[in-house]
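Below: one structure, written as structure tokens.
All figures in this text were calculated on a predicted structure; none of them were measured in a lab.
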Amino acid sequence: MNSPKSMTGLFAVIQFVVRLHYSFYPIGLIMRHSYSLYTWLKPLGYLFSVTLLSSTVALAQETPLLEAFPAAPDGYSRHVIHLPIGNYENNLKIELLPGKVQEADCNTSHFTGVFKEKILEGWGYNYYELSELDGPVQTRMACPDDKKALQFIPVHSNGSLLQYNSSLPVVVYLPEGLELRWRTWVATPYNTAPIE
């Protein structure tokens, strides 16, 4: 038969395990059960809960994304833009500016191409692929000298202005040799056109 001392020790161990279990609950439950926690366990519970919640949020933001997108096909490279969180994102747009740095004279030059928006099957995420690349096309002005300098030659394409969404990465597949630049556009307040 168990002695009273051994039963007391067993009860203390069970009580410790139960209290330790409560300390691993999220912060709300810690606050609810704080009256039953040892003083030295409270900071441990807070620290663990904050770490658990922050790592869960980080995993929720990162896990479904890049691993879900296909690898770049032959002749293409995959470019990824991680947008910072913006104020009033409904009023923001992102413009994709693919292009290539190469020597050019005083004439204005650009490539042409077509951006195709595709849907990632099973996920519903959008990604973009530039195809039908041609050029460069340039004006035919007479330059005062024959000097050439390195310039960024952009690709003019349709569909390069996208809705801003910081919760998802912008994944773009470009032909190898091109780089991807981007910029943000901010909407102005609405104006009403008069009837004439």
Side-chain angles (χ1 to χ4, degrees), residues 57-196:
V57 170
L59 277 174
Q61 290 177 346
E62 295 175 6
T63 302
L65 308 183
L66 293 183
E67 293 181 359
F69 290 94
D74 291 340
Y76 278 76
S77 56
R78 187 175 74 177
H79 302 256
V80 181
I81 301 170
H82 297 279
L83 295 172
I85 297 174
N87 294 326
Y88 306 103
E89 292 190 1
N90 288 338
N91 293 331
L92 300 177
K93 297 282 187 181
I94 173 176
E95 181 183 8
L96 303 179
L97 299 167
K100 180 186 294 187
V101 175
Q102 63 182 39
E103 285 191 342
D105 57 18
C106 68
N107 284 283
T108 302
S109 303
H110 68 272
F111 294 92
T112 59
V114 177
F115 260 123
K116 295 180 180 178
E117 181 180 359
K118 298 188 175 183
I119 306 296
L120 187 61
E121 292 184 10
W123 294 87
Y125 300 142
N126 299 337
Y127 64 95
Y128 305 89
E129 183 178 300
L130 181 68
S131 60
E132 301 179 28
L133 185 65
D134 193 21
V137 178
Q138 62 181 8
T139 58
R140 296 294 182 179
M141 295 189 302
C143 298
D145 52 43
D146 293 331
K147 288 184 179 178
K148 293 187 176 182
L150 289 175
Q151 299 178 28
F152 179 74
I153 311 299
V155 177
H156 289 181
S157 61
N158 63 329
S160 61
L161 196 63
L162 313 175
Q163 182 61 47
Y164 195 102
N165 183 2
S166 61
S167 63
L168 295 173
V170 181
V171 180
V172 183
Y173 297 86
L174 299 180
E176 288 181 348
L178 295 183
E179 63 178 85
L180 180 62
R181 299 182 181 184
W182 62 278
R183 58 185 172 184
T184 303
W185 291 88
V186 182
T188 60
Y190 288 107
N191 295 302
T192 302
I195 299 175
E196 297 183 357

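Residues meeting the side-chain hydrogen bond (donor to acceptor under 3.5 Å, both in side chains) test with Ser77, sequence neighbours left out: His79. Annotation: side-chain contact (heavy atoms from CB on, under 4.5 Å) contacts of Gln102 (sequence neighbours excluded): Lys100, Phe111, Pro136, Ile153. Here Asn107 pairs with Asp105, Gln138, Thr139, Met141, Cys143 under the side-chain contact (heavy atoms from CB on, under 4.5 Å) rule; sequence neighbours left out. In terms of the side-chain contact (heavy atoms from CB on, under 4.5 Å) criterion, Thr192 has no residue partners (sequence neighbours excluded). A search for side-chain contact (heavy atoms from CB on, under 4.5 Å) contacts involving Ile119 returns Asn126, not counting sequence neighbours. Residues satisfying the salt bridge (Lys or Arg N to Asp or Glu O under 4.0 Å) test with Glu179, not counting sequence neighbours, are Arg181.
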message: For Leu133 and Thr112: C-alpha separation, side-chain torsions, deciding distance, then whether side chain to side chain contact (heavy atoms under 4.5 Å, CB included) applies.
response: CA-CA 6 Å; Leu133 185 65; Thr112 59; over 6 Å; no
- prompt: Given Leu168 and Val170, is the side chain to side chain contact (heavy atoms under 4.5 Å, CB included) satisfied, shown in steps?
  reply: CA-CA 7 Å; Leu168 295 173; Val170 181; over 6 Å; no
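The list of disulfide (SG to SG under 2.5 Å) pairs with a residue in residues 145-196, not counting sequence neighbours, is empty. Residue pairs that meet the salt bridge (charged side-chain N to carboxylate O under 4.0 Å, His left out) test with at least one member in residues 120-143, sequence neighbours left out, are Lys118-Glu129. Residue pairs meeting the ring-ring contact (aromatic ring centres under 6.0 Å, His included) criterion with at least one member in residues 176-196: none, sequence neighbours excluded. Contacts classified as ring-ring contact (aromatic ring centres under 6.0 Å, His included) and involving residues 141-181 (residues at least two apart or in different chains) are given here: His110-His156, Tyr127-Tyr173. Pairs engaging residues 71-99 under the salt bridge (charged side-chain N to carboxylate O under 4.0 Å, His left out) rule: Glu95-Arg183 [sequence neighbours left out]. Applying the disulfide (SG to SG under 2.5 Å) test to residues at least two apart or on different chains, none of the pairs has a partner in residues 153-196.
One distance of note links CG of Leu162 with CG of Leu83; it measures 9.5 Å at 0.5 Å rounding. In this structure, Asn165 CG and Asn90 CG are separated by 9.5 Å, a value rounded to the nearest 0.5 Å. Of the inter-residue distances, the one linking Tyr76 atom OH with Leu130 atom CG reads 6.5 Å to the nearest 0.5 angstrom. Here Phe115 contributes atom CZ and Ser160 contributes atom OG; the two are 7.0 Å apart, rounded to the nearest 0.5 Å.
Looking at every heavy atom in both residues, Gly113 comes nearest to Val155 through N-CG1, 3.8 Å. The two residues Gln163 and Ile94 make their nearest non-hydrogen contact at O-CG2, 4.1 Å. Taking both residues in full, the closest heavy atoms of Leu180 and Pro98 are given as CD1-N, 3.9 Å, listed atom of the first, atom of the second, then distance. Closest non-hydrogen pair, Ser166 versus Pro84, comes out as CB-O, 3.4 Å.
More than 12 heavy atoms of other residues, nucleotides or ligands sit less than 6.0 Å from atom CG of Asp145.
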